[in-house]
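Below: one structure, written as structure tokens.
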Amino acid sequence: MSVRVRFAPSPTGYLHIGGARTALFNWLYARHCGATFVLRIEDTDAARNSQEAVDVILNGLRWLGLEWDEGPLTGAASGPSKGEFGPYFQSQRMAIYKKRVQELIDKGYAYEHEGAVKFRMDREPVMIPDVVVGNVRRELTDREQLDPDFVIVRSDGQPVFHLVNVIDDLEMKITHVIRGEDHLANTAKHLALFRAFGAEPPTYGHIPLILNIDGTKMGKRDVGASLQSYQDGGYAPEAVVNYLCLLGWSPKGNREILPLDEVVAMFDLPQILRHNARFDLAKLQWINWEYTKSMPIERFEIFAKEALAKVGVSTAEFSPEYSRAAFLTIKEKIKQFIYVPAFAAFYFRSEVVFDDSASSSEATDYTAITGDRLVKLRDAFVSDTVFNSDSLAAVLKGVAAECGVKAGLLVHPLRLAMTGSAIGPSLYHLLEVLGKDRVLLRINQFVNRIEARL
RNA sequence: GACCCUAUCGUCUAGCGGUUAGGACACUGCCCUUUCACGGCAGGUGCACGGGUUCGAUUCCCGUUAGGGUCGCCA
């Protein structure tokens, strides 16, 4: 029997980071054993249902690179899909559910109750085999002792989650259900349903949850809960995936940065950890940085240009060589792409934007003596015909010696003159990239700025 | 209230009866340094608690505590 797994999110308007990891673990397991990865949209709750909400899920999974073998191709419930077990939206499968409910009623497993349909659950403890948690023996709770039966069709005719989830897993021939541990206790219901249908239940693997860094439940409103925040926040998807792999699973061998294909080769269900993990943004940022440093400059440029575009800075009018050289000076310095504008926007703006609050030191930058030194520096730069980082460093140090001051007294104002900021790429390298014309122009402009302030 | 899962540095984890309890992130100090960084060196912090089992428990069992989950005509 071929292995089939599925990710079955509800379109709530956002993709929870924990949901993303559940999708990832399903995908990893599918790729590991050459199985089929099915995407099914659980949109039975019409109230909070929209194509946009489905698109968020599809876009999130695509961004992470978790392609599904079967499932919807667009966010439209009645739209196109791939796979032979559709429809892949529960809202389109009502006829199937209706037939299955009748089957349960006919067999005596379900009965009408005040307009709704309830499933007849027995009162025995249930053994839940689980490849991650182990065998779980679940007793009835006090409320279930009173009435173990549960509603499978609401009085308005809508089937509920437990019912449709089981029917779909059955109809779609799902062999392994890898899902969040929040479903573990309810699995007793699902097992009973499978038995009532005379079907063999799938293998279950309940994976631990992702908590906030303080150990509390990570809800919709919590920082980092939505995958969108990483898409917007300047992270490379491969870094997010790498981090997620390390939450609840370990490659052993003290390894942190791992190519996905290696994870696919190693990944298996029994090795999944059984305890919840807390989401540590600092670790993700470090991993992201590892990826930005080592990714090809071509890929880095795509993210960098996107980040600049978001703040209205276009690189279009600059030569590819200039852009490339500019981005090379920041590639190993930024940890997230949202910092690209702060580090590189000055390369692509005709006017330097001064961040006064962040300038190195007003006291030393905006003085007449600084202006005089910069003029000397400018004149020395004029006659530097090489104009690369090495020659510029030599020239600057020469001028500093001439003035009898430490290089820093020229370096800081010059950086401010070039970038408008106290942080950024290596000074000599950014000068080389900017080129003599821009450098001389910006020195002049800054000298004027000093004079205007005196 | 009942039921279920879990418990190694601040965080993610390695460990599966005998280890100086390892790694990574984060943090602290020093060095280097043109900013911010990087890098180098050094450093601290951990087996939740109490009982067993055993020659010996981080490791196995029980209990306690704590955290998380579930018990819906939500998914």
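This is a predicted model, so every value here is computed, not measured. In what follows, every chain begins at residue 1, and chains take the letters A, B, ... in the order their sequences are listed.
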Find the distance A:Asp147:CG to B:G1:C1' and express it as a whole number of Å. 17 Å
Give a yes or no on whether a donor-acceptor pair under 3.5 Å exists between the nucleobase atoms of B:U34, that is its base, and the side chain of A:Lys397. no
Say we look at B:C49 and B:U59: how far apart would their P atoms be, to the nearest angstrom? 10 Å
Can you say whether the rings of A:Phe119 and A:Phe150 are parallel (under 30°), tilted (30 to 60°) or perpendicular (over 60°)? tilted
Separation of B:G22 P from A:Lys252 NZ (nearest whole Å): 18 Å
Answer with base, sugar-phosphate or nothing: what part of the nucleic acid does A:Pro425 contact at a heavy-atom distance below 4.0 Å? base
Between B:A75 (C1') and A:Glu42 (CD): distance, integer Å: 7 Å
Residue matched to B:C27 through Watson-Crick or wobble contacts both under 3.5 angstrom: B:G43
Heavy atoms only, 4.0 Å cut-off, all strands: where does A:Leu273 land among base, sugar-phosphate and nothing? sugar-phosphate
Is B:C38 syn or is it anti, if syn means the base angle is within 90 degrees of 0? syn
May I ask which nucleotide in the shown strands pairs with B:U70, Watson-Crick or G-U wobble, both distances under 3.5 Å? B:A2
Would you compute the distance between atom CD1 of A:Ile287 and atom OH of A:Tyr235 and round it to the nearest 0.5 angstrom? 11.0 Å
Scan A:Glu256 against the nucleic acid and name what it touches under 4.0 Å (heavy atoms): base, sugar-phosphate only, or nothing. base
Contact class for A:Leu414 vs. all strands (heavy atom < 4.0 Å): base, sugar-phosphate, or nothing? nothing
To the nearest Å, give me how far apart NZ (A:Lys335) and P (B:A26) are. 6 Å
CH2 on A:Trp249 to CD1 on A:Ile272, rounded to 0.5 Å: 10.0 Å
On a plain distance test, is the side chain of A:Asn276 in donor-acceptor contact with the base of B:G68 below 3.5 Å? no
For nucleotides B:C12 and B:U45, find the distance between their C1' atoms and express it as a whole number of Å. 16 Å
Quote, to the nearest angstrom, the P distance that separates B:C38 from B:C27. 9 Å
Can you see if the side chain of A:Thr44 gets near the phosphate of B:A75 - specifically, an N or O under 4.0 Å from OP1 or OP2? yes
I need the A:Arg324 CZ to A:Ile297 CD1 distance, nearest 0.5 Å. 6.0 Å
Using purine N1 to pyrimidine N3 plus N6-O4 or O6-N4 for Watson-Crick, or N1-O2 and O6-N3 for G-U wobble, both under 3.5 Å, which nucleotide pairs with B:A48? B:U64
If we take the P atom in both B:U13 and B:U64, what is their distance in whole Å? 27 Å
To the nearest angstrom, how far is A:Glu181 atom CD from B:G67 atom C1'? 11 Å
Would you mind reading off the distance between A:His162 atom NE2 and B:U70 atom C1', rounded to a whole angstrom? 9 Å
When all nucleic acid strands are considered with a 4.0 Å heavy-atom cut-off, which category describes A:Glu114: base, sugar-phosphate, or nothing? base
Describe the nucleic acid contact of A:Ser155 in one word from base, sugar-phosphate, nothing, applying a heavy-atom distance below 4.0 Å. base
Cation over ring face, A:Arg21 and A:Phe25, 6.0 Å, 45°: yes
If each of A:Leu247 and A:Lys333 is mapped to the nucleotide of RNA chain B with the nearest heavy atom, which maps nearer the 5' terminus, i.e. the 5' end? A:Leu247
Would you tell me if any nitrogen or oxygen in the side chain of A:Arg278 comes within less than 4.0 Å of OP1 or OP2 on B:U11? yes
Relative to the 5' end of RNA chain B, which residue comes earlier, A:Arg137 or A:His183, by the nucleotide with the nearest heavy atom? A:Arg137
CG of A:Leu146 versus C1' of B:G72: gap in Å, rounded? 16 Å
Counting just side-chain N and O atoms, does A:Arg143 come under 4.0 Å of either OP1 or OP2 of B:G72? yes
Should the ring pair A:His190 and A:His162 be called parallel, tilted or perpendicular, given that the plane angle runs from 0 to 90° and is split at 30 and 60? tilted
Scanning all shown strands, the Watson-Crick or wobble mate of B:C32 with both distances under 3.5 Å is none
Sugar-phosphate, base or nothing in reach of A:Gly424, heavy atoms under 4.0 Å: base
In whole Å, what separates the C1' atom of B:G46 from that of B:G52? 24 Å
Under 4.0 Å, heavy atoms only, any strand: does A:Arg415 hit a base, just the sugar-phosphate, or nothing? base
Check the angle between the aromatic planes of A:Tyr204 and A:His206 and answer parallel, tilted or perpendicular using the 30° and 60° thresholds. parallel
Looking at every strand, decide which applies to A:Ser426 at a 4.0 Å heavy-atom threshold: base, sugar-phosphate, or nothing. base
Could you check whether A:Lys436 makes a cation-pi contact with A:Phe381, meaning its NZ or CZ is under 6.0 Å from the centre of the six-membered ring and within 45° of the ring axis? no
Distance test, side-chain N/O of A:Arg40 to OP1/OP2 of B:A75, below 4.0 Å: no
Please classify the nucleic acid contact of A:Ala407 as base, sugar-phosphate, or nothing, using heavy-atom distances under 4.0 Å. nothing
Check every strand shown and say whether A:Leu427 touches a base, only sugar-phosphate, or nothing at a heavy-atom separation below 4.0 Å. base
Looking at every strand, decide which applies to A:Tyr428 at a 4.0 Å heavy-atom threshold: base, sugar-phosphate, or nothing. base
Rounding to an integer number of Å, can you tell me how far A:Asn212 CG sits from B:G10 C1'? 15 Å
Within the 4.0 Å heavy-atom criterion, would you say A:Gly253 contacts the bases, only the backbone, or no part of the nucleic acid? nothing
